[in-house]
Student: 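Take a look at this one; I'll ask things after.
Worth knowing before you read on, the calculation uses all heavy atoms, side chains too, and leaves out hydrogens, waters and symmetry mates.
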Amino acid sequence: MAKSKEKQKSISKGTLALLIILATSAVFLALLIILRTNQGICEFICRHFVNFYQGAAGRFYSVTNVNIFEVLVTLGVLLAIAMIVAAIALFCKKKRAQSRRVMLAFAIICFGIANVYTFAAGFAYNRDAAPIETYSGEISKDVALESYILLKNDLQQCYDEIGNYNQDGSVICPYDDKQLNQKLRETVDSLLKDDYYYSYTPKAKPIISSGIMTFNSIAGITFMPTCEPGYNKDMPILERVHTLAHEYAHTKGVMREYEANLVATYVLLNSGDAFLKYCGYFYAIYFVDELIKYDETYFDNLEAYPEPEGFIQDKLISFLWWRNQPSLGDIGNFFNDLYLKVNGQQEGSDSYQENPDTEDIVIGEDDGGPIYMEIIVQYTNMHAMLVEYAQKLK
C-alpha cells in the first residue's frame, strides 16, 4: 500500500511539473501577443532580436537544399498522431495519469511552436511600412499616362531582349532553377539594404510535395522559424519567380502580404535583368493598366499601347494551368485567411493588395439609363512605386 501511495505521489509531481511548464508557455505566449500590439516594440524587437535570430537560423538551415520546414511538418503530423493514439490507449487501459502526461506534453510542444513562431514572424506583422522608392509628388493624369507609356514600352523591350520563345510566343526562362534562385537571391541582397530589412538572405527551396500545395491552391510558403522561402515547384515559371520574390520579402522582415507583393515587384523591376523584370510585369501589369483609369480615355489608351502577344500568351498559360489543376476548393484559402486574421490582418486573404480609392463616373447612356465607369481618385503604394520606376526609364 505504501509503495502504491508513493507511486501515486510521484505521478502527481510529474503531472504538476508538466502543468507548470504548460502554464509558463501559455503566459509567455500571452505576453508576446500583448507586446506585438505596440508598433514601436515590434520594430525594436524585429530590428535587434528577430534580425539576429533570422541570421543565425537562416545560415543554419541554408546549409542543406532540403526544405526543413517540410520535414518538420511531416514529423510533426506523425508525432501528433502517435501522441494522441498513445494517450487514448493509456486512457483505455485505466492509466489515466500517464494519458494526461502525454496530452500535457503534446500541449507543451504546441505552445512551444506557437511561441517560437510568434517571436520569429508575429511581430513583423505590426512593423512600420517597408521602405522602398515611391513617387512623392501628385500622380496627375499627365504623369500617370506618361508612366503608363514608359512602362508598356519597357515591357516590350524586356520581351524583345529575352529573345528566346516557344512556338506560341511565350518566353523561355534563360536560367535553370539553381541559377534563377541564386540570381534572385543576389538581387534581393543588392536592393534591400536598408536597416529595416533583416541582414541575411536565406536560400530559397522548392517544396517537394508541391502537388499538395497545388491541391490547396498555394503558390509559396515561408516558415520563419527555419527562415526558408519555399515555393511550389510545379507552377508556371513566371508566376514562380514572383512567388519566390514574395517569399524572399517575408524572410527579410516584410510579413504583411500586400507589402511583400510590393517589395517583390520592386525587386524584380529594379533587378536590371530582362527576364526578372518581365516576371515583375507579369504581376504588376494589372496595376500598370490601373494608372490610366482616371477617365473614359482608359479604353483608348489600352488599345493604343497593347501588351506583347507573347506576354498575353504567358498570362493565359498561367491561368489555364491553375484552372486545370485538381483542387480542394477554398480550404487552403480558408486556413490562410484564418492565419492572417489571427496575426492582425483584418482583411485576411484579401490583404494581398491595397485597394485604391475609387468613384463612379457617367461615360454614356443607353436605354436602361446612364453607363458608369469606375475610376481611381487615389492611387496606392504599388502605383506610386511604378510611377517612380517609370521616371527612371525616361
Side-chain angles (χ1 to χ4, degrees), residues 42-43 45-72 116-117 119-125 127-133 173 175-207 219-233 235 237 239-273 275-277 279-280 283 385 389:
C42 287
E43 194 62 41
I45 289 177
C46 285
R47 286 176 181 263
H48 298 283
F49 295 101
V50 183
N51 182 32
F52 175 80
Y53 171 84
Q54 190 267 2
R59 287 179 174 85
F60 179 80
Y61 290 109
S62 289
V63 170
T64 176
N65 291 322
V66 177
N67 194 299
I68 302 301
F69 163 68
E70 192 173 10
V71 174
L72 291 177
V116 173
Y117 194 87
F119 168 75
F123 285 99
Y125 279 100
R127 298 188 70 185
D128 296 333
I132 61 168
E133 298 175 277
C173 178
Y175 311 110
D176 61 31
D177 286 350
K178 183 178 179 179
Q179 292 171 331
L180 181 61
N181 292 354
Q182 185 59 30
K183 191 169 190 64
L184 189 50
R185 188 182 186 188
E186 292 170 354
T187 302
V188 169
D189 263 337
S190 66
L191 290 172
L192 303 183
K193 293 182 177 180
D194 191 278
D195 289 342
Y196 176 94
Y197 302 106
Y198 298 153
S199 57
Y200 181 71
T201 305
K203 182 190 297 182
K205 299 177 182 179
I207 301 294
I221 187 167
T222 294
F223 187 61
M224 284 305 293
T226 59
C227 302
E228 295 173 297
Y231 60 95
N232 185 332
K233 63 182 178 61
M235 290 189 301
I237 186 63
E239 190 169 0
R240 192 196 318 164
V241 171
H242 190 275
T243 295
L244 261 171
H246 176 100
E247 301 306 327
Y248 268 121
H250 284 327
T251 66
K252 299 294 282 186
V254 184
M255 291 304 295
R256 291 185 291 266
E257 298 297 346
Y258 73 90
E259 278 191 306
N261 278 331
L262 175 63
V263 171
T265 307
Y266 169 80
V267 166
L268 294 175
L269 291 181
N270 287 275
S271 65
D273 180 271
F275 181 73
L276 294 186
K277 287 170 64 177
C279 294
Y283 175 81
M385 183 275 291
Y389 173 71

Student: Determine whether Val254 and Tyr197 satisfy the following criterion, side chain to side chain contact (heavy atoms under 4.5 Å, CB included), listing intermediate values before the conclusion.
Tutor: CA-CA 8 Å; Val254 184; Tyr197 302 106; 3.7 Å; yes
Student: Could you tell me which non-hydrogen atom of Gly230 sits nearest to which non-hydrogen atom of Glu247, and how far apart they are?
Tutor: O-CG, 3.6 Å
Student: Hey, could you give me the CD/OG1 distance between Glu228 and Thr222, rounded to the nearest 0.5 Å?
Tutor: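 OG1 of Thr222 is found 9.0 Å from CD of Glu228.
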Student: With a 4.5 Å limit on heavy-atom distance, are the side chains of Ile132 and Leu262 in contact?
Tutor: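 Yes, close enough: below the 4.5 Å cut-off.
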Student: When you measure from the side chain of Arg185 to the backbone of Ala204, do you find a donor-acceptor pair of N or O atoms at a distance under 3.5 Å?
Tutor: no
Student: From Thr226 OG1 over to Phe60 CZ, what is the distance, rounded to the nearest 0.5 angstrom?
Tutor: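 Reported to 0.5 Å precision, the distance equals 11.0 Å.
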Student: Nearest 0.5 Å, please: how far is CG in Asn261 from OH in Tyr258?
Tutor: 11.5 Å
Student: Would a line drawn from the ring center of Tyr117 to the ring center of Phe223 be shorter than 6.0 Å?
Tutor: yes
Student: Restricting to ring-ring contact (aromatic ring centres under 6.0 Å, His included), what partner residues turn up for Tyr53, sequence neighbours left out?
Tutor: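 Testing Tyr53 for ring-ring contact (aromatic ring centres under 6.0 Å, His included), a comparison that skips the adjacent residues, returns Phe119.
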Student: Is there a donor-acceptor pair under 3.5 Å between the side chain of Arg127 and the backbone N or O of Cys46?
Tutor: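 Side chain of Arg127 to backbone of Cys46: no pair is present.
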Student: Can you see whether His242 engages His246 through a side-chain donor-acceptor pair at a distance of less than 3.5 angstrom?
Tutor: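 The answer is no; no qualifying pair exists.
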Student: Gln179: which residues meet the side-chain contact (heavy atoms from CB on, under 4.5 Å) condition with it, sequence neighbours left out?
Tutor: Tyr175, Asp176
Student: Measure the OG1-NZ distance between Thr265 and Lys277 for me, rounded to the nearest 0.5 Å.
Tutor: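 Here the interatomic distance stands at 14.0 Å.
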Student: Taking all heavy atoms of Tyr266 and all of Glu133, pick out the closest pair and write down the distance.
Tutor: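 Result for this residue pair: OH-OE1, 3.0 Å.
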Student: If you compare all heavy atoms of Ile68 against all heavy atoms of Lys205, which two are closest, and at what distance to 0.1 Å?
Tutor: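 Looks like CG1-NZ, 4.3 Å.
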Student: Taking all non-hydrogen atoms of both residues, which atom of Glu259 and which atom of Ala130 are closest, and how far apart?
Tutor: OE2-N, 2.8 Å
Student: Gln54 side chain to Cys227 main-chain N or O, any donor-acceptor pair under 3.5 Å?
Tutor: no
Student: Would Met255 and Met224 satisfy side chain to side chain contact (heavy atoms under 4.5 Å, CB included), going step by step from the backbone distance to the final call?
Tutor: CA-CA 10 Å; Met255 291 304 295; Met224 284 305 293; 4.1 Å; yes
Student: Pro225 and Ala57: which non-hydrogen atoms are nearest, and at how many Å?
Tutor: O-CB, 3.9 Å
Student: Using modelled atom types only, decide if a donor and an acceptor are shared between the side chain of Glu43 and the backbone of Asp128 within a distance under 3.5 Å.
Tutor: yes
Student: Could you give the distance from CG (Leu184) to OG (Ser271), rounded to the nearest 0.5 Å?
Tutor: 8.5 Å
Student: Just by distance, do the side chain of Ser62 and the backbone of Arg59 share a donor-acceptor pair under 3.5 Å?
Tutor: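 Such a contact is absent between Ser62 side chain and Arg59 backbone.
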Student: I need the minimum non-hydrogen distance between Thr251 and Tyr198, along with the two atoms involved.
Tutor: O-CD1, 3.2 Å
Student: So Val241 and Phe275, side chain to side chain contact (heavy atoms under 4.5 Å, CB included) or not? Walk me through it.
Tutor: CA-CA 10 Å; Val241 171; Phe275 181 73; 4.0 Å; yes
Student: Side chains of Thr243 and Asn232, heavy atoms from C-beta outward: is any pair under 4.5 Å?
Tutor: no
Student: Please name the residue in the list Leu180, Leu269, Val267 that meets the side chain to side chain contact (heavy atoms under 4.5 Å, CB included) test with Leu276.
Tutor: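 Of all the options given, the one that passes is Leu180.
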Student: Enter the distance from Met235:CE to Leu244:CG here, rounded to the nearest 0.5 Å.
Tutor: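 Here the rounded value is 7.5 Å.
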Student: For Lys203 and Asn181, run side chain to side chain contact (heavy atoms under 4.5 Å, CB included): C-alpha distance rounded to whole Å, both residues' side-chain angles, the deciding distance at 0.1 Å, then the answer.
Tutor: CA-CA 8 Å; Lys203 182 190 297 182; Asn181 292 354; over 6 Å; no
Student: Test of understanding: with side-chain contact (heavy atoms from CB on, under 4.5 Å), list the residues that count as partners of Asp177, not counting sequence neighbours.
Tutor: Arg240
